[in-house]
Number of protein chains: 2
Amino acid sequence: MSPGEAQAPENTPKTRRERVEQRENAIVAAAHDAFVDMGFEGARMADIARAAKVAEGTLYLYFKNKNALLDAVVGRFYERLTEAAQDGVQDRADTFACLEFLARHHLVSCIREWRILELVVSRYRNLQHYQDRGPYQLNRRYVAIFDSIVSLGMKRRDIDPSLPLWMVRDLFYGTLEYAARTQILRGEQANIAIVIDSLMSMLRSGIAPGDQAAVESVDLEQISRRLEQVAARLENTT
Amino acid sequence: MSPGEAQAPENTPKTRRERVEQRENAIVAAAHDAFVDMGFEGARMADIARAAKVAEGTLYLYFKNKNALLDAVVGRFYERLTEAAQDGVQDRADTFACLEFLARHHLVSCIREWRILELVVSRYRNLQHYQDRGPYQLNRRYVAIFDSIVSLGMKRRDIDPSLPLWMVRDLFYGTLEYAARTQILRGEQANIAIVIDSLMSMLRSGIAPGDQAAVESVDLEQISRRLEQVAARLENTT
DNA sequence: TTGAATAATTGAACGCTATTCAGTATAACT
DNA sequence: AGTTATACTGAATAGCGTTCAATTATTCAA
């Protein structure tokens with residue numbers, strides 16, 4: 001209100017909406033840290049309240065219960081994930097280049113925010129009514145980016161259209177999640193490049209050796225040409 | 001002890017060891033059902049005790065705590081899984097035939113005992129000290145079967161030896177777990193065949209269209225033979 | 001068969017944590 | 001300033017896993 005007042009939202013926000021939002025952010029941030037540090041069960045509502053500088057009861061004015069608090073934390077994770085994925089895909093034309101970007105992005109994000117992913121895995125993957133909870137829709141939105149790349153790739157015949165889309169998706173994200181876990185368990189610094197290269201290689205030509213598809217189709221052409229030459233000579237001779 | 005005694009362990013087992021074992025089985029069975037029906041958190045120790053016809057305190061004589069009870073339930077799951085996998089692999093020579101068997105076995109088992117798998121995912125995948133708990137070793141033993149198939153496949157050059165073994169493993173089991181979840185979420189009856197066929201196809205030749213490797217290598221042989229025929233005739237003629 | 005010694009079992013009591021709610025303080029508006 | 005509506009508080013509640021003093025069953029020597 002006072003004209004010279006600098007817009008410093010961190011100290012004394014003026015509107016009610018701002019105050020509420022700021023408090024919600026503080027709570028979600030406190031919950032994020034508590035969950036990451038202690039896991040879902042290990043994090044106590046009392047701790048979260050203290051960290052957010054709020055009474056325990058106040059948490060329940062902002063979130064129905066501990067699960068809803070987790071939904072909020074995980075929701076923000078998916079928002080970050082989706083935004084970055086969208087950005088990276090936009091300026092890439094080639095199907096496999098897009099897939100490689102998405103793979104690297106997913107892997108790096110999963111490794112960086114591994115504790116969040118653990119929460120997702122352990123608290124959503126086993127609930128019948130997961131589909132009713134917030135992060136489900138956000139997950140759909142994230143995955144939709146991948147789906148559109150693959151659909152387009154199938155139209156372009158970069159990807160075999162007879163494969164079910166969901167199966168390609170399960171292979172892609174299933175592999176990446178497992179690979180991320182492997183990297184985490186290994187400790188050391190994670191070797192992103194090897195994972196991505198291997199995955200892309202397997203996507204392009206399977207697990208058989210020597211990238212046969214490419215190599216042999218070259219041979220095939222050469223041999224075919226040679227056959228025609230020989231056949232032509234034979235026909236000329238006789 | 002008494003000579004005419006029929007071996008009926010269900011009613012009045014004689015030795016202490018038998019009694020203890022029988023009770024342990026009853027407890028694990030009760031825990032299994034409770035976990036499957038209600039999930040880990042939903043299942044109450046009081047319920048399990050009642051179902052096993054035992055006092056609550058008795059559970060703690062047999063298992064250190066609720067987690068140890070889960071370890072026992074999951075341990076038995078892995079034992080079943082490993083035994084069947086071992087059996088199926090034994091009488092199969094071809095690398096890809098083994099992989100296909102393992103894939104189908106894993107997928108079918110995961111779908112059949114989905115609730116158990118949910119427990120595994122939600123309670124082990126996020127613990128730092130998972131490696132200390134019982135089921136870790138059993139999981140290793142199970143996965144070792146796959147590893148030995150792939151290692152042998154690499155020696156035989158059925159599988160590209162430059163791929164990291166762990167990466168092939170992550171692709172295999174990551175894909176199958178995600179695919180199992182997809183099948184479960186879809187409801188209906190699960191379509192095992194499509195999952196397995198798609199996976200094997202992607203393993204053999206990636207996601208590119210036309211199964212080129214296999215098809216073209218057959219063409220290659222045919223053409224090569226034909227070329228020799230023509231060449232032979234040409235040589236005879238000239 | 002006895003009876004002491006040992007082992008197994010019980011269930012009420014404990015501690016811990018998410019959640020609630022009656023009471024209190026703060027903001028909004030006239 | 002006074003009044004109403006809104007936001008906040010933290011002690012009280014309830015439900016669960018876990019413990020342990022008391023009780024019952026089993027073993028085994030005499």
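Here is the naming used below: chain letters follow the sequence lines, and residue numbers restart at 1 for every chain.
- Across the protein-nucleic acid pair, B/Arg50 atom CZ and C/dT9 atom C1' stand 18 Å apart, rounded to whole Å.
- Note: CG (B/Asn65) to P (C/dC14) measures 22 Å, nearest angstrom.
- Under 3.5 Å, the side chains of B/Thr182 and A/Asp170 contain a donor-acceptor pair of N or O atoms.
- Side chain of B/Leu61, nearest nucleotide from D/dG17, C/dA8, C/dT20: C/dA8.
- Checking C/dA18, D/dT18, D/dT9 against the side-chain heavy atoms of B/Lys66 singles out D/dT18 as nearest.
- Spacing between atom CE of B/Met38 and atom C1' of D/dC16 amounts to 13 Å, rounded to whole angstrom units.
- The distance from atom CE of B/Met45 to atom P of C/dT9 is 15 Å, rounded to the nearest whole Å.
- Among the nucleotides D/dG10, C/dA27, D/dT18, the one closest to the side chain of A/Ala55 is D/dG10.
- OP1 or OP2 of D/dA7 has not a single side-chain nitrogen or oxygen of A/Tyr62 nearer than 4.0 Å.
- Between B/Phe146 and B/Tyr173, the ring planes lie perpendicular to each other; the angle is over 60°, past the 30° to 60° tilted range.
- Within the 4.5 Å cutoff, side-chain heavy atoms of B/Phe63 are placed close to those of B/Glu24.
- Between B/Glu24 atom CD and C/dT9 atom P there is a gap of 12 Å when expressed in whole angstrom units.
- Side chains of A/Asn191 and A/Arg186: no donor on one and acceptor on the other come within 3.5 Å.
- The interatomic distance linking A/Arg19 (CZ) with C/dA27 (C1') rounds to 7 Å, in whole Å.
- Counting heavy atoms of neighbouring residues, nucleotides and ligands inside a 6.0 Å radius, atom CZ of A/Arg140 does not exceed 12 of them.
- Of the candidates C/dT9, D/dT27, D/dG17, the closest approach to any side-chain atom of B/Arg44 belongs to D/dG17.
- Listed nucleotides C/dT19, C/dA8, D/dC8 differ in distance to A/Arg23; the shortest reach to its side chain belongs to D/dC8.
- Within the 4.0 Å cut-off from OP1 or OP2 of C/dT19, at least one side-chain nitrogen or oxygen of A/Tyr60 is found.
- Nucleic acid contact for A/Val20: none, since no nucleic acid atom lies under 4.0 Å from a heavy atom of the residue.
- Taking atom NZ on A/Lys53 and atom P on D/dC8, their separation rounds to 15 Å, with Å as the unit.
- At a threshold of 4.0 angstrom between heavy atoms, the contacts of B/Ala49 with the nucleic acid are absent.
- As rounded to whole Å, 12 Å separates atom C1' of C/dA13 from atom CD of B/Glu56.
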